[in-house]
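Comments concern the structure below.
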Amino acid sequence: MTRTTPPRPVDAEAQFPGLSDYRRTSTRLHPRPGSPKADDSSVAGPLLWPADEPWPVCTAVHPKGSGNRLSDVRLQRRILDGAWHRHPGAGPTDAERAVLDTLQPGPHAPQIADADPIPLLAAAQLFARDVPDLTGPDGCDLLQVLWCPFEVHGPDRTIEVVLKWRRSQDVGEVLDLNPEPVVVGRAECVPNTCVLHPEQVVEHEYEGLLDEGLQEAIEMWEAGDDEEDDDAFDSSGPSGFDTYEEYEAAMAAARADEDDEVTYRGDLSIAPGWKVGGFASWHLTDPAHIDCGVCGAPMPPLLTVAVSEWDGASESWIPLEDRDSLPDSRISDPTGVYLGRGLMRVHTCPTTPVHPHRLSFQ
Ligand SMILES: [Zn+2]
Ligand SMILES: [Zn+2]
């Protein structure tokens, strides 16, 4: 099934003509639980990996035997998903609770020493034929993303991400099964296996990075929305209505209007969820310069990994095809990944994509 982002509630570039200088496309990946094959784009699916090529490992020295068993993470999610779909809100049965209680983090693999190599976890595989905003080295049509699921790497103590670019036609015999670590640092570093329904959309730069004139125009436009609402309240205080019930009904209608209020950040600038390309949101910190460590070029986000496919402020991005199935966490939070404070981005060099990538978090 395709996924279709509804048209933006306001034509942003008609409203703010200068915005056309701040436009970029992105490809929303729309991951949903499924059973992808090695020649499909996927999250955490089987990779199109040559059978005779070593699988990437983490060689950093850090505790690798302590955490959650990968099999426990998956069992826990199966139980909770099953319970929700049996009866949303009822929760797991007593027998299921007894099982869940046994799935605790701990020193599950004491035989793994801190310096032992462990296989990285397959996080995503993206084919250029599916993802128009995927730009890599010349001739490469496939990006494979793997990570070490322990948040201990580098000064910011994050997961470690490895990118592998390929020409898919060069892959001969394909590895049967992705190797996997036995233990992961935190359950939220483990993506659920998902098929993708890529869709290209238009984004506009994060508001704080627009020129001042545009920022002011957007602020005034958003404040104007508020004023209209305030006027409605002023002219219709309780005395303006025949009964208090009528006044209350009008208030409720006004509140509902406010919930639907269109904002630049929520509706017109940056698409929520997993995506390739587009802009980076800086809603939790000041915007950071992410420049290439080799050539100094500003590095746009290539892949954004998000805790959920939308939030309360970005519901206008919910695909049309999903609206009747909500609430269902397999649709709004299909991957189960929670990195940083909700967003992890992999930035790559636009001129030489094999220059070392950098990560940013929100
Ligand atoms: Zn590691
Ligand atoms: Zn570079």
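Hydrogens, waters and symmetry mates are skipped; everything else that's a heavy atom, side chains included, is used. Each ligand, and each atom within it, is numbered from 1 in the order the structure gives. Only a predicted model underlies this, so the values are computations on that prediction, with no experimental measurement involved.
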Discussion item. Can you classify the ring geometry of W55 versus W49 as parallel (below 30°), tilted (30 to 60°) or perpendicular (above 60°)?
Written reply: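 Aromatic pair W55/W49 classed tilted.
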Fill in: Parallel, tilted or perpendicular: ring planes of H204 versus Y264, cut at 30 and 60 degrees
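Tilted, since the angle between the ring planes falls between 30° and 60°.
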Worksheet item: Roughly how far, to the nearest 0.5 Å, is the OG1 atom of T59 from the CD1 atom of I118?
Response: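 Nearest 0.5 Å value for the CD1-OG1 distance: 10.0 Å.
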Discussion item. Once rounded to the nearest 0.5 Å, what's the spacing between atom CG of L210 and atom CD of Q215?
Written reply: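 Output value for this atom pair is 5.5 Å.
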Discussion item. Between R3 and D322, does any NZ, NE, NH1 or NH2 come within less than 4.0 Å of an OD or OE carboxylate oxygen?
Written reply: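 Salt bridge present between D322 and R3.
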Item to complete: Mind checking how many protein N/O/S atoms fall short of 2.8 Å from the Zn ion (ligand 2)?
Response: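 For the Zn ion (ligand 2), protein nitrogen, oxygen or sulfur atoms under 2.8 Å: 4.
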Worksheet item: Any sub-3.5 Å donor-acceptor pair from H197's side-chain atoms to M1's backbone N or O?
Response: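 Pair found, side chain donor or acceptor close to backbone of M1.
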Worksheet item: At the Zn ion (ligand 1), what angle lies between atom NE2 of H153 and atom SG of C58, rounded to 10 degrees?
Response: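 Reported to 10°, the angle equals 110°.
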